[in-house]
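What you see is a predicted model, and the numbers here were worked out from it, not measured in a lab. When reading the values below, keep in mind they use all heavy atoms of this one structure, side chains included, and skip hydrogens, waters and symmetry mates. Convention: sequence-line order gives letters A, B, ...; per-chain numbering from 1.
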Amino acid sequence: MISLPLPPPRTVLELMAGARHIAGLSLGELAAELGQVVPADLRRAKGFVGSLLERALGATAGSRAGPDFPELGVELKTLPVDAVGHCLESTFICTAEVGDLAGVEWEHSRLWEKIRCVLWVPVEGTRTLSVDQRRIGAPFLWQPDGEEEALLRADWELLVSMMARGQFDSLSGHLGQHLQLRPKAAKGSSRRRAFDEDGARTLEQPKGFYLRARFTEALLHRHLLGN
DNA sequence: TATTGATCATAT
DNA sequence: ATATGATCAATA
């Protein structure tokens with residue numbers, strides 16, 4: 001047996017090995033090894049699974065900005081799945097700037113920096129399963145290929161250009177084939193400085209970029225088929 | 001019932 | 001206040 005939490009991984013291969021090591025464990029078993037208590041449900045602990053996995057695998061970034069494993073340039077994301085392999089939720093990637101959008105380019109965007117190398121860890125997320133019984137699945141590393149990058153870039157450019165033009169009234173979670181923009185705030189009343197269609201200062205709801213569940217599901221299934 | 005809009009806890 | 005980790009829950 002290897003003791004948990006694992007030390008900070010020195011290489012991507014080491015991180016992968018750690019993730020494979022905890023695959024098959026239930027969240028209850030993993031939490032017990034870390035001396036943590038598992039909440040009865042996630043209503044008041046929405047980040048529990050992600051934080052638990054970070055701790056187990058030796059992530060050190062905490063809630064600081066940037067990737068979970070800065071030295072490796074790897075972002076860790078849990079992926080809630082059901083028994084059949086369907087993704088149950090979209091995946092939050094990063095907050096979106098709603099003002100001062102001039103000159104932002106895809107290659108230097110926070111979105112691209114976040115997703116250029118992701119270690120996905122599927123975790124059972126069916127709500128009828130108690131949290132402690134949910135099992136951790138096999139991890140897989142994803143670096144978007146040219147086609148995937150082009151698809152995400154197209155969505156990103158549409159959404160960002162609309163915000164840059166102040167077209168917030170036309171924005172909704174319906175836009176974007178694979179990447180969407182949705183509210184991301186503690187309260188519905190939260191506001192950030194932005195500019196309206198006439199360039200006048202205004203306040204808008206904070207927003208975040210999310211990968212649609214069907215997109216992450218395609219990644220998962222492609223991995224399962226061997227790629 | 002799939003999806004969008006709203007929300008919760010914690011760290012800095 | 002804002003960024004981290006996301007899932008909840010109302011709506012269409």
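Nucleic acid contact for A:Lys207: none, since no nucleic acid atom lies under 4.0 Å from a heavy atom of the residue.
Listed by chain and residue number, A:Ala59, A:Asp68, A:Leu76 satisfy the side-chain contact (heavy atoms from CB on, under 4.5 Å) test with A:Glu54 (two or more places apart in sequence, or in another chain). Checked against side-chain contact (heavy atoms from CB on, under 4.5 Å), A:Thr60 has the following partners two or more places apart in sequence or in another chain: A:Pro8. By the salt bridge (charged side-chain N to carboxylate O under 4.0 Å, His left out) test, A:Lys114 is found to be paired with A:Glu75, residues two or more places apart in sequence or in another chain being considered. Listed by chain and number, the residues in a side-chain contact (heavy atoms from CB on, under 4.5 Å) with A:Leu13 are A:Thr11 (sequence neighbours excluded). Under the rule for a side-chain contact (heavy atoms from CB on, under 4.5 Å), the partners of A:Glu89 that lie at least two apart in sequence or sit in another chain are A:Pro80, A:Arg127. Judged as a side chain to side chain donor-acceptor pair (under 3.5 Å), and not counting sequence neighbours, A:Asp100 has no contacts.
Among residues at least two apart or in separate chains, ring pair (Phe, Tyr, Trp, His ring centres under 6.0 Å) pairs with a member in residues 176-202 of chain A are A:His178-A:Phe215. Sorted by first and then second residue, the pairs that involve residues 6-15 of chain A and meet salt bridge (charged side-chain N to carboxylate O under 4.0 Å, His left out), not counting sequence neighbours, are A:Arg10-A:Glu14.
For DNA chain C, the neighbouring residues in residues 50-58 of chain A, judged by any heavy atom under 4.0 Å, are A:Gly50, A:Glu54.
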For this session: Going 5' to 3' through nucleotides 7-12 of chain C, assign each nucleotide B (protein heavy atom under 4.0 Å from a base atom), S (under 4.0 Å only from sugar-phosphate atoms) or - (no protein heavy atom that close).
Result: BBB---
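Defining each end axis of the helix from B:dT1-C:dA12 to B:dT12-C:dA1 as the rotation carrying four pairs' C1' atoms onto the next four, with five pairs an end, the two axes are found to diverge by 30° to 10 degrees.
A:Phe92 belongs to a hydrophobic cluster whose other members, connected by ILVMFWY side-chain contacts under 4.5 Å either directly or through intermediates, are A:Tyr210.
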